Amino acid sequence: MINKPRWGLTQIILVYAGILVIGLLYAGLAMDIVTQWLQSLGIAETGNFLVSFLVQFISTIGLVYLFAVFLPRGSWRDLGLIGRDGKTYWQYGVGGGALLIVLIMVMSIPIQYFQPELSPQYFEEMLRTTSDFKEFIIFLLVGSLLGPFSEELFYRGMIYPVFRRYLGPLWGAVAAGLIFGIVHWDPWRAIPLAAGGMGLCYLYEKSNSILVTTVAHGVWNAFMSIMVYLSLNG
């Protein structure tokens with residue numbers, strides 16, 4: 001059973017705004033210095049992506065902790081940070097991730113028909129710049145482990161329970177999924193991403209653990225990453 005959240009819409013907005021502000025501060029105050037340092041190492045493009053990701057990752061984890069755990073005097077368990085048995089990880093994590101892949105691929109067919117020259121998302125662009133297998137493994141870990149964990153902590157662990165409280169499981173999942181799709185700021189892919197977000201809410205309902213949904217999200221991202229890499233290096 002998903003716990004009644006100790007936080008509300010105000011805290012969700014503060015977390016999202018905080019992530020944006022920290023990102024803007026990094027871009028305005030530190031990115032040029034970091035870029036110069038990375039250029040001296042010969043890894044400017046890849047390094048910039050990874051540092052920017054780490055800034056967002058750390059700020060997301062920190063702000064979620066501040067507003068959903070520390071200030072309400074709760075625990076990580078309130079956010080669904082709960083371990084489960086191997087069967088649950090396999091059934092709802094790996095199996096759920098596989099179903100998400102099928103869902104997203106089917107929903108992407110009309111997009112490919114109406115917008116065949118759609119520009120790749122930023123993460124995919126970065127994947128397309130690498131032919132080095134070791135570098136690909138780093139991107140794979142970021143895209144299938146760290147990224148999914150921070151997103152699940154915020155979107156399923158923090159956002160979904162608030163909408164679920166007011167709208168119920170079904171419409172709460174619809175609302176949280178739509179937010180997940182919209183905040184990727186990609187109009188053409190918003191609906192498939194929203195459907196994926198709704199599916200992840202369902203997996204959270206079944207498992208009561210964002211660790212399980214992180215596995216499902218990671219399987220989804222890993223599959224897409226491997227397909228991109230193989231298309232370029234196969």
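Fair warning: this is a prediction, and the values are worked out from it, not measured in the lab.
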What heavy-atom pair brings [X] and [Y] nearest, and what distance separates the two atoms?
{"X": "P192", "Y": "I104", "result": "O-CD1, 3.0 Å"}
{"X": "G143", "Y": "N221", "result": "O-ND2, 2.7 Å"}
{"X": "W185", "Y": "V183", "result": "CD1-O, 2.9 Å"}
{"X": "G96", "Y": "A216", "result": "C-CB, 4.2 Å"}
{"X": "L178", "Y": "A194", "result": "CA-CB, 3.9 Å"}
{"X": "L100", "Y": "G199", "result": "CD2-CA, 4.1 Å"}

Please answer: with hydrophobic residues joined when any side-chain heavy atoms are less than 4.5 Å apart, are [X] and [Y] in the same cluster?
{"X": "I191", "Y": "V106", "result": "no"}
{"X": "L14", "Y": "L79", "result": "yes"}
{"X": "V15", "Y": "I13", "result": "no"}
{"X": "V102", "Y": "V219", "result": "no"}
{"X": "Y229", "Y": "L140", "result": "yes"}

Is [Y] close to [X] at the side-chain level, that is, under 4.5 Å between some pair of heavy atoms?
{"X": "I22", "Y": "L63", "result": "yes"}
{"X": "Y26", "Y": "S52", "result": "yes"}
{"X": "T88", "Y": "D85", "result": "yes"}
{"X": "V142", "Y": "F57", "result": "no"}

Is there any ring-ring contact (aromatic ring centres under 6.0 Å, His included) pair reaching into residues 186-208, and which pairs are they, with sequence neighbours excluded?
none
Quick one: which residue pairs count as a ring-ring contact (aromatic ring centres under 6.0 Å, His included) with a foot in residues 72-102, not counting sequence neighbours?
Y65-W76
Find the distance between [atom1] ([X]) and [atom2] ([Y]) and round it off to the nearest 0.5 Å.
{"X": "L153", "Y": "T60", "atom1": "CG", "atom2": "OG1", "result": "8.5 Å"}
{"X": "T214", "Y": "L146", "atom1": "OG1", "atom2": "CG", "result": "10.5 Å"}
{"X": "I137", "Y": "K134", "atom1": "CD1", "atom2": "NZ", "result": "11.0 Å"}
{"X": "N208", "Y": "L203", "atom1": "CG", "atom2": "CG", "result": "12.5 Å"}
{"X": "I210", "Y": "R156", "atom1": "CD1", "atom2": "CZ", "result": "9.5 Å"}
{"X": "I179", "Y": "Y16", "atom1": "CD1", "atom2": "OH", "result": "10.0 Å"}

For the backbone of [Y] and the side chain of [X], can you confirm whether one donor and one acceptor N or O come within less than 3.5 Å of each other?
{"X": "Q11", "Y": "G8", "value": "yes"}
{"X": "S209", "Y": "I82", "value": "yes"}
{"X": "W37", "Y": "T35", "value": "no"}

Between L211 and V215, does the side-chain contact (heavy atoms from CB on, under 4.5 Å) criterion hold? Intermediate values first, please.
CA-CA 6 Å; L211 296 178; V215 172; over 6 Å; no
Just do the side-chain contact (heavy atoms from CB on, under 4.5 Å) check on L71 and W7 with the steps written out, would you?
CA-CA 9 Å; L71 292 179; W7 56 90; over 6 Å; no
If the plane angle is over 60° it's perpendicular, under 30° parallel, otherwise tilted; pick one for [X] and [Y].
{"X": "F123", "Y": "F49", "result": "tilted"}
{"X": "F136", "Y": "F133", "result": "tilted"}
{"X": "Y155", "Y": "F180", "result": "perpendicular"}

All side chain to side chain contact (heavy atoms under 4.5 Å, CB included) counterparts of Q112, not counting sequence neighbours
S108
Could you list the residues that satisfy side chain to side chain contact (heavy atoms under 4.5 Å, CB included) with D32, not counting sequence neighbours?
none
Carefully, step by step, assess H184 and R189 under the rule side-chain contact (heavy atoms from CB on, under 4.5 Å).
CA-CA 8 Å; H184 280 79; R189 297 184 178 92; over 6 Å; no
Cut-off 3.5 Å, no hydrogens considered: what does the side-chain donor-acceptor table look like for residues 158-175, sequence neighbours left out?
from	atom 1	to	atom 2	distance (Å)
Y160	OH	P169	O	3.4
Y160	OH	E205	OE2	2.6
R164	NE	E205	OE2	2.3
R164	NH2	E205	OE1	3.4
R164	NH2	E205	OE2	3.4

Neighbour count >12 (heavy atoms, 6.0 Å) for atom CD, Q56:
no
With sequence neighbours left out, write down each residue that passes salt bridge (charged side-chain N to carboxylate O under 4.0 Å, His left out) with R6, or none if nothing qualifies.
D78
Could you go through W220 and L200, starting from their C-alpha distance and side-chain angles, then the distance that decides it, and tell me whether this counts as side-chain contact (heavy atoms from CB on, under 4.5 Å)?
CA-CA 11 Å; W220 169 13; L200 287 164; 4.1 Å; yes
